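A quick note: this is a predicted structure, and the numbers were derived from the prediction, not measured.
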Amino acid sequence: MTTTKTSSVHDLYPQIVEWRRDFHQHAESGWVEFRTASLVASRLEEWGYEVKAGKEVVDEASRMGVPSASFLKDQEERALSQGADPKWLPSLSGGFTGVVGLLDTGKPGPTVGLRFDMDALDLKESSDASHVPVREGFQSRNHNMMHACGHDAHTSIGLGLAKLLSENKNELTGRIKFIFQPAEEGVRGAKSMVAAGVVDDVDVFFASHIGVGIPLGQIVSGANGFLSTTKINVDYTGKAAHAGSNPEEGKNALLAASTAVLNLYGISRHSAGQSRINVGVFEAGTGRNIIPSSAHLKAETRGETTEINQYILKQALNIINGAAVMHDVEVKTDVVGEAKTSDSSPELKAYVEETVKDIEGVESVIGDSPFGSGSEDATYMLERVKERGGYATYLIFGTTLAAGHHHEKFDIDESAMKIAVASLEKLVSHVGNITLK
């Protein structure tokens with residue numbers, strides 16, 4: 001491994017853009033990031049990192065919202081055909097698509113953790129000629145998968161930073177741990193990596209995101225206001241019957257689901273803070289003259305605190321189960337995603353504000369910005385690090401957006417990646433300036 005400085009952020013920027021466009025073109029949704037994760041692992045290994053992947057860094061029992069075995073198998077084959085590294089695929093097989101790279105400088109100092117999410121959304125990308133990925137030839141090739149939230153940029157920022165730090169190893173102290181996380185969308189992946197212990201030795205932790213309404217040139221030193229959330233799938237199973245000749249023999253799953261949906265929206269709000277509930281998908285029935293024997297709901301709860309979210313969730317489950325009893329049908333409820341609430345460490349935010357203010361392209365650094373009443377499962381990592389006496393913060397790097405997050409025309413100003421890599425490099429390199437607990 002090269003241990004003398006051979007490149008700068010400016011030198012590496014074209015490569016970072018190339019990586020980002022490649023990941024964008026080969027977008028992979030949660031738990032099927034086989035190509036992305038294998039290439040990340042391969043590059044980290046090439047640059048001298050100690051690399052762990054798959055079940056070493058993802059706890060099987062803690063995964064949520066994992067696709068079917070057949071879908072996982074098909075996607076692994078797809079990834080291989082699109083250039084995944086065959087050396088690493090066996091470790092990732094079955095949807096264990098987390099990767100951790102460790103750079104040990106051999107010198108005393110804190111362990112710094114950095115988390116980068118890799119997954120795309122289940123969304124068909126725009127084919128409009130005005131859309132830059134279409135015009136420049138890196139539109140997603142994969143059906144119903146699109147990087148519409150910037151995780152392609154996050155992964156590329158992580159790789160750019162990893163390469164720079166590997167080349168500057170002699171100038172660093174302590175240990176630097178890169179955590180490439182699967183399945184952030186739907187808040188499904190971070191909990192399993194925390195359960196595998198990947199942040200248990202981390203003293204200082206940085207998670208980050210681009211965009212989210214922050215303009216290019218502005219950095220948020222530590223976002224607060226994440227809502228705790230639980231994502232649930234609900235399946236009602238009744239009995240089909242002819243709606244004209246013998247309706248009394250049927251057990252109507254659609255009615256049970258309808259009863260649940262209407263009453264879910266009647267849950268009392270909580271006086272201690274924000275609370276949310278939403279049913280985003282309702283599917284039921286097979287024909288006009290058939291008593292529906294099945295119904296499927298996709299719902300979510302959110303709360304300003306974990307306690308508020310648990311209150312909403314408890315009420316929701318009572319309603320969901322009660323509707324099944326009312327209509328004499330069976331019900332199955334699966335938790336397919338979860339995230340906590342978390343605030344960034346004030347001490348680390350102050351360090352960020354002082355350290356990155358002179359980075360080229362940075363116009364201002366602000367200390368607090370609510371996360372738009374959204375949720376993020378990096379909160380599992382932030383909370384675990386803080387519980388063990390460390391510091392953690394969630395940075396936001398502003399960028400101009402072609403369209404909002406989770407939109408078919410989402411695209412970024414790629415220069416935001418240069419700002420992000422330069423900022424994170426300086427934060428890691430000077431982390432000894434923080435007085436650790």
(Q) Is it the case that over 12 heavy atoms from other parts of the model lie below 6.0 angstrom from the NZ atom of K251? (A) no

- Query: Considering only heavy atoms from C-beta outward, does the side chain of V9 approach that of E425 to under 4.5 Å?
  - Reply: yes

Y394 and F206 aromatic centres sub-6.0 Å:
no

* pair I16-M417: side-chain heavy atoms closer than 4.5 Å -> yes

Any chance the side chains of S93 and E76 put a donor and an acceptor closer than 3.5 Å?
yes

Original post:
Which of parallel (below 30°), tilted (30 to 60°) and perpendicular (above 60°) describes Y49 and F178?
Top reply: perpendicular

Closest non-hydrogen contact found for P67 with L72 is O-CD1, 3.7 Å

- request: Flag the pair D201 and K177 as a salt bridge only when some basic side-chain nitrogen lies within less than 4.0 angstrom of an acidic carboxylate oxygen.
  value: yes

| field | Centroid-centroid under 6.0 Å between H209 and F397 rings | value | no

- request: Please check if the distance between the ring centroids of F138 and H24 is under 6.0 Å.
  value: yes

Hey, are S415 and D413 close enough side-chain-wise for a donor-acceptor pair under 3.5 Å?
yes

field: side-chain hydrogen bond (donor to acceptor under 3.5 Å, both in side chains) assessment of Q82 paired with R78
entry: CA-CA 6 Å; Q82 291 180 343; R78 184 267 313 150; 3.1 Å; yes

